[in-house]
Amino acid sequence: MKTAAGHQVLKDRSAGLPQRLRMALILIDGHRSLEEVLAATANSGVTRADIERLMAMGLVADEPGDSYPVPLLTETRTTATERERYMRAYEIATRLTADVGARDLNLAVEGAASLAELEALAPRIRAAVGPVRFAPLDAALRPA
């Protein structure tokens, strides 16, 4: 089911949600199963990891008894902290690469499903945007 935040992101197109995630979020309505959403967005490359990303962003929630059978993410606090760092870094990296028009790099960032994958892309992002614009991303990638 979409959360209030999920509904707000759909209304606010400036939220920076990648198109493929936006399409999946639109289809998540509490009536379609996970398999139906994944089948409908298969051509866009939406995966279970993308749905988990929507959950981690607080845009989708799994409610007992609903028709959207995505297991809740049960994580330790350390993993949650890493996920929070990932979400922050993902948002910054997506915006930076889109702003400079680095389409291939932007697609690579959108495909990054973990903090480690974003960290691996960091040198390319820094080269594309320069050290000053890269500083917020660098800070987001570092542990607190």
Side-chain angles (χ1 to χ4, degrees), residues 1-30 32-63 66 68-144:
M1 302 284 295
K2 274 187 276 297
T3 63
H7 286 286
Q8 185 58 43
V9 164
L10 290 176
K11 288 179 187 174
D12 181 12
R13 292 184 175 263
S14 66
L17 192 66
Q19 184 63 28
R20 65 186 165 76
L21 293 182
R22 183 176 175 75
M23 286 188 333
L25 185 57
I26 289 168
L27 292 175
I28 295 171
D29 59 5
R32 292 179 178 94
S33 70
L34 173 60
E35 289 72 27
E36 289 171 318
V37 172
L38 290 173
T41 55
N43 289 340
S44 301
V46 174
T47 65
R48 285 181 187 269
D50 292 320
I51 304 302
E52 289 178 359
R53 183 179 300 160
L54 291 173
M55 289 180 76
M57 294 171 75
L59 305 178
V60 176
D62 183 26
E63 297 176 4
D66 71 14
Y68 193 70
V70 178
L72 285 173
L73 302 174
T74 53
E75 304 171 328
T76 63
R77 185 64 197 148
T78 303
T79 304
T81 301
E82 185 171 308
R83 182 169 295 283
E84 290 166 3
R85 285 180 37 225
Y86 162 75
M87 295 310 303
R88 176 141 173 72
Y90 177 85
E91 179 183 333
I92 294 168
T94 302
R95 187 176 54 245
L96 284 174
T97 55
D99 287 351
V100 297
R103 181 159 168 68
D104 289 343
L105 186 53
N106 185 258
L107 290 173
V109 167
E110 287 184 3
S114 69
L115 187 61
E117 290 177 17
L118 285 177
E119 289 170 339
L121 290 170
R124 290 177 54 199
I125 297 169
R126 181 186 169 111
V129 303
V132 173
R133 291 187 70 198
F134 179 76
L137 177 57
D138 189 40
L141 291 171
R142 295 181 191 275

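- The two residues Ile125 and Thr97 come nearest to each other via the heavy atoms CG1-CG2, 4.1 Å.
- Across all non-hydrogen atoms, the minimal contact from Ala93 to Leu118 is CB-CD2, 4.4 Å.
- Enclosure of atom CZ in Arg133 by more than 12 non-hydrogen atoms of other residues, nucleotides or ligands within 6.0 angstrom is indicated.
- Under the 3.5 Å distance criterion, the side-chain polar atoms of Ser33 are matched with a main-chain donor or acceptor of Glu36.
- Rounded to the nearest 0.5 angstrom, Asp104 CG and Arg124 CZ are separated by 7.5 Å.
- Ile26 CD1 to Thr41 OG1: the interatomic distance, rounded to the nearest 0.5 Å, is 11.0 Å.
- A donor-acceptor pair is defined here as one N or O able to donate and one able to accept, closer than 3.5 Å; such a pair exists between the side chain of Arg85 and the backbone of Leu141.
- Looking at Thr3, its side chain never comes within 3.5 Å of a backbone N or O of Ala61 through a donor-acceptor pair.
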- Query: So Arg142 and Asp138, salt bridge (charged side-chain N to carboxylate O under 4.0 Å, His left out) or not? Walk me through it.
  - Reply: CA-CA 7 Å; Arg142 295 181 191 275; Asp138 189 40; 2.9 Å; yes
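- The shortest heavy-atom contact between Ala24 and Val46 is CB-CG1, 4.0 Å.
- Scanning both residues, Leu96 and Val129, for their nearest heavy atoms gives O-CG1, 4.0 Å.
- Remark: Phe134 pairs with no residue by the ring-ring contact (aromatic ring centres under 6.0 Å, His included) rule, at least two apart or across chains.
- The closest side-chain heavy-atom distance from Tyr90 to Met57 is not below 4.5 Å.
- Closest approach of Gly45 to Asp50, counting heavy atoms only: O-OD2, 3.5 Å.
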- Task: Determine, step by step, whether Arg48 and Leu38 satisfy the side-chain contact (heavy atoms from CB on, under 4.5 Å) criterion, reporting the C-alpha distance in whole Å, the side-chain angles of both residues, the deciding distance to 0.1 Å, and the verdict.
- Result: CA-CA 8 Å; Arg48 285 181 187 269; Leu38 290 173; 3.7 Å; yes
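- Considering every non-hydrogen atom in both Ser44 and Arg20, the closest pair reads O-CD, 3.5 Å.
- Between Glu110 and Arg53 there is no salt bridge, since none of the side-chain N atoms of the basic residue sits less than 4.0 Å from a carboxylate O of the acidic one.
- The CD atom of Glu91 sits 5.5 Å away from atom CZ of Arg95, with the distance rounded to the nearest 0.5 Å.
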- Between Met23 and Leu27, is a side-chain contact (heavy atoms from CB on, under 4.5 Å) present by the stated rule, with each step listed? CA-CA 6 Å; Met23 286 188 333; Leu27 292 175; 5.6 Å; no
